[in-house]
Protein chains: 2
Amino acid sequence: MLNDVSCAQCGLSDLCIPHSLTDEEIIELDETIMRKKPMGRGAALYRQGDRFSSLYAVRSGAVKVYSTDQEGNEQVLAFYLPGEILGMDAIDSKMHASTAKVLETSAICEIPYGSVENLSRLIPNLQVHLYRLLSREIRMDQILQLLLAKNTAEERMSAFLMNLSVRYSQRRLSGTSFNLPMTRIDVANFLGLAVETVSRVLSRMQNRGIIKVKGRDLTIVDKQALCEMAHLRGSDKASTH
Amino acid sequence: MLNDVSCAQCGLSDLCIPHSLTDEEIIELDETIMRKKPMGRGAALYRQGDRFSSLYAVRSGAVKVYSTDQEGNEQVLAFYLPGEILGMDAIDSKMHASTAKVLETSAICEIPYGSVENLSRLIPNLQVHLYRLLSREIRMDQILQLLLAKNTAEERMSAFLMNLSVRYSQRRLSGTSFNLPMTRIDVANFLGLAVETVSRVLSRMQNRGIIKVKGRDLTIVDKQALCEMAHLRGSDKASTH
DNA sequence: CGATTTGTTGATCTTACTCAATAATCGTGG
DNA sequence: CCACGATTATTGAGTAAGATCAACAAATCG
């Protein structure tokens with residue numbers, strides 16, 4: 001395996017499933033990756049309706065993905081954090097059904113999909129790697145679904161925060177103290193809640209000593225309590241049996 | 001391309017992306033597919049915690065996928081209809097994070113994943129096919145997410161019915177008149193609503209002449225109205241700008 | 001520095017959940 | 001085939017949670 005430094009400068013080598021490719025394969029892969037300048041807040045990686053050509057790896061910063069319906073209503077579908085890959089939903093249709101915008105100054109790697117597909121024909125390991133990468137995205141979406149199906153605002157909010165925490169931890173960033181890269185509006189939209197509700201729930205959690213929030217800065221004080229809050233939907237489903 | 005008859009008897013040949021494999025490739029593929037007897041209501045394709053080994057194609061009938069948390073609460077993640085493939089979420093972790101149960105007598109094809117992976121190394125077309133298949137599942141999950149993020153019960157319910165309608169149509173089944181293979185309990189659980197709310201919303205829709213429901217039998221009378229009901233969340237998001 | 005976006009808090013009202021009762025359907029065994 | 005219990009489905013009444021409306025504070029940006 002390559003050392004951390006060389007791993008850190010490429011997009012694919014840390015693509016979610018480490019230790020499944022050899023050094024040679026990683027180097028070959030890295031050559032196909034187009035590095036990009038840092039992108040500023042509001043810049044678009046791709047827009048709804050664009051022809052699909054590349055996957056994108058978030059090196060630093062954060063990206064929000066949303067789709068817009070006929071009436072112009074936006075619906076946030078996902079947030080992508082450092083180390084995560086986006087764009088895989090468009091491989092089939094070859095068309096982006098959503099828009100990806102940078103939330104804060106971010107370093108983004110563009111990975112031309114054609115090259116990856118070709119390379120994967122030559123490197124069996126990469127092929128397996130990609131199947132797993134796609135599968136992992138399916139699993140991620142399922143977890144977000146579990147989150148959205150929760151009934152109360154508190155459950156959704158706590159599940160959302162736990163989800164962010166876990167994802168930051170997985171990338172060796174702090175899982176207990178981090179910066180929310182998105183606005184309350186985005187959070188509310190994503191969770192299917194009103195902005196005011198998001199604000200209120202966060203305040204309530206802070207008053208109970210579970211978290212500490214100051215604008216976008218968030219610290220998880222009582223992880224245990226937050227965890228319990230997230231799935232313990234009380235006794236409704238359990239008691240009906 | 002093979003004719004409809006031979007296509008209809010195998011699991012993979014009609015796997016979502018037709019016309020991307022040659023006849024030879026389809027035949028080679030079919031040989032790896034284990035056919036299964038019809039399975040009865042309540043039978044499990046796999047259970048949460050099982051080691052992953054195969055994908056499953058629904059030939060007829062329907063399957064529900066759900067996960068159970070520590071407290072024993074079930075959360076329905078998806079319903080799979082004829083022509084759809086399930087199990088792809090476990091390729092990465094090699095472990096099923098959910099349980100798949102047959103909702104009504106169904107014909108299911110088991111597709112050993114190892115064989116598919118091996119074959120895809122030999123058949124480049126199949127490789128591309130699989131990438132697209134996985135991508136399509138990601139897209140499907142996104143659409144379900146859009147559905148769950150809707151705020152009102154009516155929006156979720158109508159979006160859900162429209163989703164079923166579209167999926168049945170894609171498989172050349174009637175999109176305007178079909179049988180709901182799942183209980184109201186499952187629908188409610190999936191949509192994050194109370195059972196009573198599901199019942200009430202369906203009754204209300206019927207009274208307005210949008211649909212006709214009699215137990216599990218459902219007919220969409222006014223598709224246009226149902227469509228509008230599904231995303232037109234009124235003026236909240238639009239007017240705030 | 002002023003303007004705009006974003007965030008918080010309060011009051012009111014609507015929606016959907018809960019509890020409860022009843023009806024219909026399904027499945028099973030006599 | 002029908003009777004039985006169990007599950008599933010519908011409808012009503014009361015309540016609680018969250019949306020909406022509104023006012024204001026804080027942060028961001030040009």
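Being a predicted model, the structure only gives us computed values, none of them experimental. Quick note on labels: first sequence line is chain A, next is B, and so on, each numbered from 1.
Across the protein-nucleic acid pair, L193(B) atom CG and dG18(D) atom P stand 14 Å apart, rounded to whole Å. The interatomic distance linking E155(A) (CD) with dA17(D) (C1') rounds to 12 Å, in whole Å. Straight-line distance from the CG atom of L103(B) to the P atom of dG27(C): 12 Å, rounded to whole Å. In this structure, the CE atom of M157(A) is 18 Å from the P atom of dA17(D), given to the nearest Å. The distance between atom CG of L218(A) and atom C1' of dG7(C), rounded to the nearest whole Å, is 15 Å. If you take CD of E104(A) and P of dT6(C), they are 15 Å apart, rounded to a whole angstrom. Protein atom CE of M229(A) is 12 Å distant from nucleotide atom P of dA17(D), rounded to whole Å. Note: CZ (R204(A)) to P (dT8(C)) measures 13 Å, nearest angstrom.
Judged by distance alone, the side chain of T99(A) and the main-chain N or O of Q48(A) form a donor-acceptor pair under 3.5 Å.
Classification of K36(A) and E110(A) as a salt-bridged pair holds, one side-chain N sitting under 4.0 Å from a carboxylate O. One finds no salt bridge joining E154(B) and R200(B) here, because no Lys/Arg side-chain nitrogen approaches an Asp/Glu carboxylate oxygen to under 4.0 Å.
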Nucleotides 6-12 of chain D: protein proximity per nucleotide (B base, S sugar-phosphate only, - neither; heavy atom, under 4.0 Å): --SSBBB

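Ring geometry for F52(B) versus H96(B): interplanar angle over 60°, hence perpendicular rather than tilted (30 to 60°).
Using a 4.0 Å heavy-atom distance criterion, G192(B) is classed as a sugar-phosphate-only contact. Using a 4.0 Å heavy-atom distance criterion, G40(B) is classed as making no nucleic acid contact.
Note that CZ of R139(B) is 10.5 Å distant from CG of L144(B), once rounded to the nearest 0.5 Å.
For Y66(A) and F190(A), the gap between ring centers reaches or exceeds 6.0 Å.
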